[in-house]
Amino acid sequence: MDLQLTPKEKELAAKGRAFCDEVLIPLEQVTDEHGELPMEKRPAVRQAVRDWGLAGINHSKEHGGLGLTMVEQIVIEEQLGRVTNGLWSCVWRPPVSLKFGTDAQKQEYLRPSIHGERRGCFAITEPEAGSDPRRVQTIATLKNGKWHLSGEKWFVTSYNASDFIIVHAHVDGDPNKPSLFLVDKPVNNMTHIRSPKFMHNFAFDHAELRFEGTEIAEDKLLGQIGQGLEMTKDWFVEARLQIAAHAFGAATRAAEIANDYATTRHQFDRPIRDFQGVEFMLADMAVELFAAKTMLYRVAWEIDSGADRSRIHAHASALKLFCSEVAGRVIDKALQVLGGRGYMRENPVERLYRDIRVDRIWEGTSEIQRVVVGGQIRKRGFNVYTGWH
Ligand SMILES: Cc1cc2nc3c(=O)[nH]c(=O)nc-3n(C[C@H](O)[C@H](O)[C@H](O)COP(=O)(O)OP(=O)(O)OC[C@H]3O[C@@H](n4cnc5c(N)ncnc54)[C@H](O)[C@@H]3O)c2cc1C
């Protein structure tokens, strides 16, 4: 068993760290104050992602991406997670479902998305369909060689940074025919209802959209009719690992800030870390981060070693659940160690505290991850989590 990073992995981690320090961290406060990354700052950041060689981190060389292993991706994602206000999302990761497109679709959507010339957002959630995507009411009907889409989508992240939308709809309203459609912006008969404010001030918006007989060409179906959920499942695994890595990176930054403060802050004639009440908080943070990091890299390594798809799915859920909950606990303790300073918006720990909450909700809530883990134990026994593959 070798748990050392290779020279290439160390180099990628250092590059990810430097990119955050030089390009993203200086944008944190303006993003928080402005509510999102100001439009005029976006082109320079996009160019920086290309200049730093971070375009297409999650795609194969065959499609124009960097062809990184999952461990190599995670060493970068861990660094990106340190940054507040969702600025990690400035480094685009085109949805893996685009790989299932026809050659023409790959040429039109996947390749330009990898190079940062285009960007897509993903619209699954609806007012009546969150954890249970079978309740989706957006309907796609084929009439005279055109797809007609009708329905409402919520929480569409990065809508205002995207030029196309991947819309999840049920063909003919049949929940057994979940399917994905590529919708170019601007499009007919679609309303951007609003982009509400959220607890975090994220780099881009989260929009609500209404389709009312939106007409798109027949060849805008991605994959096959009925394959929508299967293609999204692959995206979930990748997204859950990314969230775990971001949550870990965020919690590590908060813990380091708290640790430094505990050394330099004096009260009652001694550094506050000399009070066991403070040191025990730091100890609990370190132990939880230690466990989370070990789990994160094990699951990434399993993917690279070709573990079977259902096992990876099972482990990705457990990982996302654990890392997002650890991050919540660690950042809460870090804020406590910082006292009143931790509650100030200019302090990154305050922003991380707000940012990290959504990691227990999106890409499957903590409860849904427990449903997956529980189902796996029921089907295959505890060995899925306690054994080696
Ligand atoms: C900031 C943000 C960005 C998002 N971005 C996107 C995006 O880009 N695209 C997109 O499509 N969606 C996006 N989402 C939506 C997100 O994926 C959903 O919010 C999430 O899946 C939960 O759905 P819901 O909010 O409808 O909650 P519900 O599904 O209504 O759940 C409410 C509560 O019930 C619990 N619950 C539900 N079912 C079960 C069960 N079987 N067992 C136990 N408990 C259960 C949940 O855990 C939760 O606590 C985003 C959400 C947020 C907040």
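Numbering of ligands and ligand atoms starts at 1, following listing order. Because the structure is predicted, anything quoted here is derived from the model rather than measured.
- Atoms of ligand 1 found under 4.0 Å from any heavy atom of I124, numbered from 1 in the order shown, are 10 (C), 11 (O).
- Separation of atoms CZ (R351) and OG1 (T84) is listed at 4.0 Å; rounding is to 0.5 Å.
- Taking distance alone, with nitrogen or oxygen atoms compared against 3.5 Å, V371 stays at or beyond that limit from ligand 1.
- The shortest N or O to N or O distance between F155 and ligand 1 is under 3.5 Å.
- Polar contact with ligand 1: absent for H200 (N/O pair, distance under 3.5 Å).
- Between V299 and the options V237, I74, L241, a side-chain contact (heavy atoms from CB on, under 4.5 Å) holds for only L241.
- Atom 35 (C) of ligand 1 is never approached by the protein to below 4.0 angstrom, counting heavy atoms only.
- Residue, atom and distance of the protein heavy atom nearest to atom 9 (N) of ligand 1 are F122 O, 2.8 Å.
- If you number the atoms of ligand 1 from 1 as listed, the ones under 4.0 Å from a heavy atom of G130 come out as 23 (O), 24 (P), 26 (O), 29 (O).
- You'll find the side chain of V71 reaches within 4.5 Å of the side chain of Y297, heavy atoms only.
- An N or O contact shorter than 3.5 Å links S131 to ligand 1 by distance.
- By the 4.5 Å heavy-atom criterion applied to side chains, I57 and E77 are counted as neighbours.
- The protein heavy atom nearest to atom 2 (C) of ligand 1 is W362 CE3, 3.6 Å.
- Here's the thing with T365: one of its N/O atoms is less than 3.5 angstrom from an N/O atom of ligand 1.
- The distance criterion of under 3.5 Å between nitrogen or oxygen atoms is met by E367 with respect to ligand 1.
- Annotation: side chain of F248 is in contact with side chain of L289 (closest heavy-atom distance under 4.5 Å).
- Residues L222 and S97 form a side-chain contact, since some pair of their non-hydrogen atoms from C-beta on lies under 4.5 Å apart.
- Salt bridge annotation for R354-D32: present, with a cationic side-chain nitrogen under 4.0 angstrom from a carboxylate oxygen.
- Distance from atom 53 (C) of ligand 1 to its nearest protein heavy atom, with residue and atom name: V358 CG2, 3.7 Å.
- For R240 and F236, the positive end sits near the middle of the six-membered ring, less than 6.0 Å away and at most 45° from its axis.
- No N or O atom of A123 sits closer than 3.5 Å to an N or O atom of ligand 1.
- Cation-pi geometry between K333 and F280 is not met at under 6.0 angstrom from the ring centre and within 45 degrees of the axis.
- Taking a cut-off of under 4.0 Å to the non-hydrogen atoms of I361, the atoms of ligand 1 that pass are 19 (O), 20 (C).
- Centroid-to-centroid, the aromatic rings of H315 and Y385 come within less than 6.0 Å.
- In terms of N/O distances under 3.5 Å, ligand 1 is approached by T157.
- Remark: among candidates I368, T125, D205, the nearest residue to atom 41 (N) of ligand 1 is I368, based on non-hydrogen atoms.
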